[in-house]
Student: 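Structure in C-alpha cells, see below.
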Amino acid sequence: MNGSDDTAEQGAARPRRADARRNQETLLDAAAAVFATSGVEAPVRDIAARAGVGTATIYRHFPTRADLIVAVYRHQVEGCAEAGPALLDECPSPYVALSRWIDLFVDFLVTKHGLAAVLQPDNTAFDTLHRYFIDRLLPVCAQLLDAAAESGEIRPELTAYQLMRGIGNLCIGAHNDPRYDARRLVGTLVAGLRDPGRA
C-alpha cells in the first residue's frame, strides 16, 4: 500500500473517531438529563429515547448501570472543568466568571439523584472518582478564585478546597427537598466573598 493510501485511511479514521466521540457525548448528555429528573435508577429505555438510539447501543458502550453512572459522572466533571477557563475568557470580570462557574458546580452536585448512594466509599469506584473529581475541579476553582482576588473583587480568605467543601455541604440533600434552595444559599456564600470596598 502506498503512502497516499495510508494518508487516506488515517484521514477516514479521524472523522470516525470524532463521530464516535460526539455520539458518546450525546448519549452521556442524555443520561445526565434523565438522571437529573428521574434519578440514576431511571429505565435505560428512557435514556435511549432521549439520545435517539436503541437500548442495545447503550449496553454496547456501558454493559452495566454502574459503568454508565461512572461515565456520566466523569463526563459532567469534565464539562465543569472545561467551563472554568472559558468563563474567564467570556465574562466581564473574574468575579462574574467565578459566580457562574459555581452555579454550574452547584447544578452538578444537586442533580445527581442517587449518585452518592451508588458511589459510597465501599464501592471500588468511589476512591478513584473522588480523586478524579478533586484533581480536575480543584485547580479550576483555584484559578477562578485567584483571578477574582487579583482583580480586587474578592477578599483572598478562602482556599479553593474550603470553598468547594462548603458548597458541597450546602448542597447535601438538596435533590430530595423541593423547599431547599441550595443555589440561593450558595449565592449568599459567594456574595460574602466580595471585597466590601468594591461592593
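What you see below is based on every heavy atom in this structure, not just the backbone, and it leaves out hydrogens, waters and symmetry mates.
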Student: Spell out, as yes or no, whether a donor-acceptor pair under 3.5 Å connects the side chain of Y161 to the backbone of I134.
Tutor: no
Student: Can you tell me how far apart SG (C141) and CD1 (I167) are? Round to the nearest 0.5 Å.
Tutor: 6.0 Å
Student: Short question: side chain of R100, backbone of G84 - any donor-acceptor pair under 3.5 Å?
Tutor: no
Student: How many angstroms lie between CG in L68 and NE2 in H75, if you round to the nearest 0.5 Å?
Tutor: 11.0 Å
Student: Donor-acceptor check, side chain of Q76 to backbone of Y73, threshold 3.5 angstrom: yes or no?
Tutor: no
Student: Should V96 and I102 be counted in the same cluster of Ile, Leu, Val, Met, Phe, Trp and Tyr side chains packed under 4.5 Å apart?
Tutor: no
Student: With a 4.5 Å heavy-atom cut-off, do R50 and I47 have their side chains touching?
Tutor: no
Student: Test C80 against W101 for side chain to side chain contact (heavy atoms under 4.5 Å, CB included), laying out the working first.
Tutor: CA-CA 8 Å; C80 203; W101 185 82; 3.8 Å; yes
Student: Roughly how far, to the nearest 0.5 Å, is CG of L88 from CG of L144?
Tutor: 4.5 Å
Student: Kindly compute the distance separating CG (N169) from CG (L189), expressed to the nearest 0.5 Å.
Tutor: 10.5 Å
Student: Does any part of the side chain of F62, heavy atoms only, come nearer than 4.5 Å to the side chain of V72, both counted from C-beta?
Tutor: no
Student: Write down the atom of S93, the atom of E153, and the distance for their closest heavy-atom approach.
Tutor: OG-OE2, 2.9 Å
Student: Side-chain contact, heavy-atom cut-off 4.5 Å: I69 with F35?
Tutor: yes
Student: R74: what forms a side chain to side chain donor-acceptor pair (under 3.5 Å) with it, not counting sequence neighbours?
Tutor: none
Student: Which atom names give the shortest non-hydrogen contact between L109 and G168, and what distance separates them?
Tutor: CD1-CA, 3.8 Å
Student: A side-chain contact here means heavy atoms from C-beta on lying under 4.5 Å apart; do F105 and V186 qualify?
Tutor: no
Student: For R183 and V106, indicate whether the former's side chain and the latter's backbone hold a donor-acceptor pair under 3.5 Å.
Tutor: no
Student: Can you check side-chain hydrogen bond (donor to acceptor under 3.5 Å, both in side chains) on D67 and H61, steps first, answer last?
Tutor: CA-CA 9 Å; D67 293 332; H61 288 289; over 6 Å; no
Student: Mind listing the closest non-hydrogen atom pair of S99 and V190 along with its distance?
Tutor: OG-CG1, 3.7 Å
Student: Is any side-chain heavy atom of L193 closer than 4.5 Å to a side-chain heavy atom of R155?
Tutor: no
Student: For a quick test of reading the model, state the closest non-hydrogen atom pair linking R184 to D181 and the distance between them.
Tutor: N-OD1, 3.1 Å
Student: How many angstroms lie between CG in L145 and OH in Y95, if you round to the nearest 0.5 Å?
Tutor: 11.0 Å
Student: Between F108 and F133, what is the ring plane arrangement, given parallel below 30°, perpendicular above 60°, and tilted in between?
Tutor: parallel
Student: Just how far is it from atom CG of L98 to atom CG of L87, taken to the nearest 0.5 Å?
Tutor: 10.0 Å
Student: If a pair satisfies salt bridge (Lys or Arg N to Asp or Glu O under 4.0 Å) and one of its residues is in residues 133-151, list it, with sequence neighbours excluded.
Tutor: E78-R136
Student: Apply side-chain hydrogen bond (donor to acceptor under 3.5 Å, both in side chains) to residues N23 and T26 and explain how you reach the verdict.
Tutor: CA-CA 5 Å; N23 291 340; T26 297; 5.3 Å; no
